[in-house]
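What you see is a predicted model; the values in this text were computed from it and never measured.
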Amino acid sequence: MQIRKSQMEAFGRDASERFPAEVADHIRSTNPRAIEGLSRQELERRVNSGIARARRHGLRSKSSLKAFVNLMFSFAPNFDEHPPILAVLRDPGVPADDRVSQLPIRTTEEDWRQVLARRDDDAWNQRAGA
């Protein structure tokens, strides 16, 4: 059996279209308090916004994208703007998809307290190219 390039592209599109729903399900199951009061449509919009934001940092793997979006819901949608966190996310010495997993090791509790204090929910509304 031979799979044509067009079939592979269709499989890839289908998988990428399902991924935001997979992330939303993950947030629902692991962090229900973070999404209290959000409609399904708003949750999906925020997940898509988070995936776009993560991709601007070079993240591509499902696990790193999911972890990034989870941090947005858990702490702040603009958590990646905090200088110590941004430094980790931009570290050229670490592969992009490994940077999110470095955050707990390379940041402090104080960094995350500052993230919470500087939470800006308008970050959910930033366009993918912003």
Contacts of His82 that satisfy ring-ring contact (aromatic ring centres under 6.0 Å, His included) - sequence neighbours left out: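 Per chain and number, His82 pairs via ring-ring contact (aromatic ring centres under 6.0 Å, His included) with no residue.
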Contacts of type ring-ring contact (aromatic ring centres under 6.0 Å, His included), residue Phe73, not counting sequence neighbours: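 Only Trp124 meet the ring-ring contact (aromatic ring centres under 6.0 Å, His included) criterion with Phe73.
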Where [X] and [Y] come nearest, the two heavy atoms and their spacing:
X: Ala96; Y: Leu59; answer: O-CD1, 3.8 Å
X: Gly50; Y: Val69; answer: C-CG2, 3.5 Å
X: Pro20; Y: Val47; answer: O-CG1, 3.5 Å

Enclosure of Glu109 CD (heavy-atom neighbours >12, cutoff 6.0 Å):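 For Glu109, atom CD is not crowded (no more than 12 foreign heavy atoms under 6.0 Å).
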Straight-line distance of Ile85 CD1 to Gln102 CD, nearest 0.5 Å: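 One finds 13.5 Å between CD1 of Ile85 and CD of Gln102.
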From CZ (Arg45) to CG (Asn125), nearest 0.5 Å: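 With rounding to 0.5 Å, CZ (Arg45) is 4.5 Å from CG (Asn125).
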With sequence neighbours excluded, residues passing side-chain hydrogen bond (donor to acceptor under 3.5 Å, both in side chains) with Asp121: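 Listed in chain order: Arg119.
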Is there a side-chain contact between [X] and [Y], using heavy atoms and a 4.5 Å cut-off?
X: Val23; Y: Leu65; result: no
X: Val100; Y: Lys66; result: no
X: Arg40; Y: Leu43; result: no
X: Phe79; Y: Leu103; result: yes

Give a yes or no answer on whether the side chain of [X] reaches the backbone of [Y] with a donor-acceptor pair at less than 3.5 Å.
X: Asn78; Y: Asp120; value: yes
X: Arg60; Y: Arg55; value: yes
X: Asn48; Y: Glu44; value: yes

Transitive ILVMFWY side-chain link Ile27 to Leu116, under 4.5 Å: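 In one cluster with Ile27: Leu116, yes.
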Audit row: Lys62, Glu22, side chain to side chain contact (heavy atoms under 4.5 Å, CB included) steps and yes/no: CA-CA 10 Å; Lys62 284 185 172 186; Glu22 184 181 319; 3.8 Å; yes
Selection residues 84-98 - residue pairs positive for salt bridge (charged side-chain N to carboxylate O under 4.0 Å, His left out), sequence neighbours left out: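 As it turns out, the salt bridge (charged side-chain N to carboxylate O under 4.0 Å, His left out) pairs with a partner in residues 84-98, which skip direct neighbours, are Asp91-Arg106.
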Pairs involving residues 67-80, ordered by first then second residue, that meet salt bridge (charged side-chain N to carboxylate O under 4.0 Å, His left out) (sequence neighbours left out):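 Those involving residues 67-80 are Arg53-Asp80.
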Sequence neighbours excluded, every pair satisfying ring-ring contact (aromatic ring centres under 6.0 Å, His included) that has a member inside residues 26-66: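 ring-ring contact (aromatic ring centres under 6.0 Å, His included) check on residues 26-66 returns His57-Phe68.
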